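Here's the structure we're looking at; comments come further down.
In this text, all values refer to a predicted model and were calculated from it rather than measured experimentally. Per chain, numbering begins at 1; letters A, B, ... match sequence-line order.
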Number of protein chains: 2
Amino acid sequence: MPVDKSLLSGSTTMLLLKLLSEKDMYGYEMIETLRERSQNVFELKAGTLYPLLHGLEEKGVLTVYEKEVGGKVRKYYSIAKKGQKILADKEEEWKTYAQAVTNVLTAGGVV
Amino acid sequence: MPVDKSLLSGSTTMLLLKLLSEKDMYGYEMIETLRERSQNVFELKAGTLYPLLHGLEEKGVLTVYEKEVGGKVRKYYSIAKKGQKILADKEEEWKTYAQAVTNVLTAGGVV
DNA sequence: TGACATATATAGATCATCGATATATAATGA
DNA sequence: TCATTATATATCGATGATCTATATATGTCA
């Protein structure tokens with residue numbers, strides 16, 4: 001069951017960069033991997049992913065190369081140094097945000 | 001330090017309903033309370049809050065009443081039954097989402 | 001008196017995501 | 001052999017949540 005799409009907002013780039021920090025991947029593979037790892041919570045749409053990848057490539061966050069696999073040409077994405085820095089920042093930001101939400105949700109019971 | 005605004009997306013309603021589940025509040029008070037409880041992470045803007053409150057009132061999620069305090073008329077908001085149900089749903093959704101993010105961020109190290 | 005915090009409100013802009021649609025090849029199965 | 005489904009990438013327009021800027025009015029403090 002996917003969650004409200006708007007919750008995803010802002011964390012998609014972080015999640016993609018995290019995947020790419022482990023190994024190079026092509027777009028479709030990212031969608032599948034995100035879906036599997038999140039137990040179907042994240043169902044990233046192709047219409048969201050590809051424009052996002054293009055934008056990240058333009059900004060020098062990712063690099064891309066083509067590779068033929070089984071007669072098909074796939075576009076593999078690789079995380080650049082700039083991307084690793086952004087990933088680290090976003091992971092930090094995520095922790096801050098998640099902790100703040102927890103504070104609001106539990107403060108009432110604690111106080 | 002506030003986080004990227006887009007991270008907030010989708011969780012603002014939940015946070016407001018949480019506050020109102022504890023006691024009735026007026027708009028400005030909600031902004032201040034969110035800011036304090038989150039250690040300045042959430043800096044909800046008035047331009048975001050008031051239209052949102054109006055919308056939630058229209059949908060029957062909240063009810064509103066006026067109260068004069070120190071010569072000033074404030075609008076106090078109260079959570080309706082419908083709002084309590086929505087809050088419970090959204091808290092559940094938040095847990096699901098946060099866990100899914102954690103899964104993606106940690107799977108690489110675990111696998 | 002002037003500045004600042006309190007308090008609410010609206011209009012327009014921005015940005016991330018989605019839905020719909022398009023194209024093309026490989027694999028599967030009838 | 002033919003149809004269907006999965007794989008794989010791509011773009012366009014719509015949606016929705018938030019922000020910025022602006023407006024108004026009162027109370028408080030210096």
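The nearest whole Å value for the distance from the CZ atom in A:Arg74 to the P atom in D:dT7 is 10 Å. Across the protein-nucleic acid pair, A:Tyr65 atom OH and D:dA8 atom C1' stand 16 Å apart, rounded to whole Å. Nucleotide D:dG27 holds its P atom 7 Å from the NZ atom of B:Lys72, rounded to whole Å. Distance A:Asp4 CG to D:dG16 C1': 10 Å, rounded to the nearest Å. The separation between A:Leu53 atom CG and D:dT11 atom C1' is 14 Å, rounded to whole Å. Taking atom CG of residue B:Leu15 and atom P of nucleotide D:dA17, one finds them 14 Å apart after rounding to whole Å. We find that CD of B:Glu32 is positioned 9 Å from P of C:dA7, with the value rounded to whole Å. We find that CE of B:Met25 is positioned 12 Å from P of C:dT8, with the value rounded to whole Å.
Nearest heavy atoms, A:Leu49 versus A:Gly27: CD2-O, 3.2 Å.
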Exercise for review: Going 5' to 3' through nucleotides 9-21 of chain C, assign each nucleotide B (protein heavy atom under 4.0 Å from a base atom), S (under 4.0 Å only from sugar-phosphate atoms) or - (no protein heavy atom that close).
Suggested key: BB-----SSBBB-
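With 3.5 Å as the limit, one finds no donor-acceptor pair spanning the side chains of B:Asn103 and A:Arg37. Counting only N and O atoms by type, the side chains of A:Asp24 and A:Tyr65 include a donor and acceptor under 3.5 Å apart.
Cluster membership check: B:Tyr26 does not share its hydrophobic cluster with B:Val73, using side-chain heavy-atom separations under 4.5 Å among Ile, Leu, Val, Met, Phe, Trp and Tyr.
Two residues, A:Gly71 and B:Ile31, neighbour DNA chain C, and the one matched to the more 5' nucleotide by heavy-atom proximity is B:Ile31.
Contact check on A:Lys23 versus A:Glu29 returns a salt bridge, with a Lys/Arg side-chain nitrogen under 4.0 Å from an Asp/Glu carboxylate oxygen.
Geometrically, A:Lys67 engages A:Tyr76 in a cation-pi contact defined by less than 6.0 Å to the ring centre and at most 45° from the axis.
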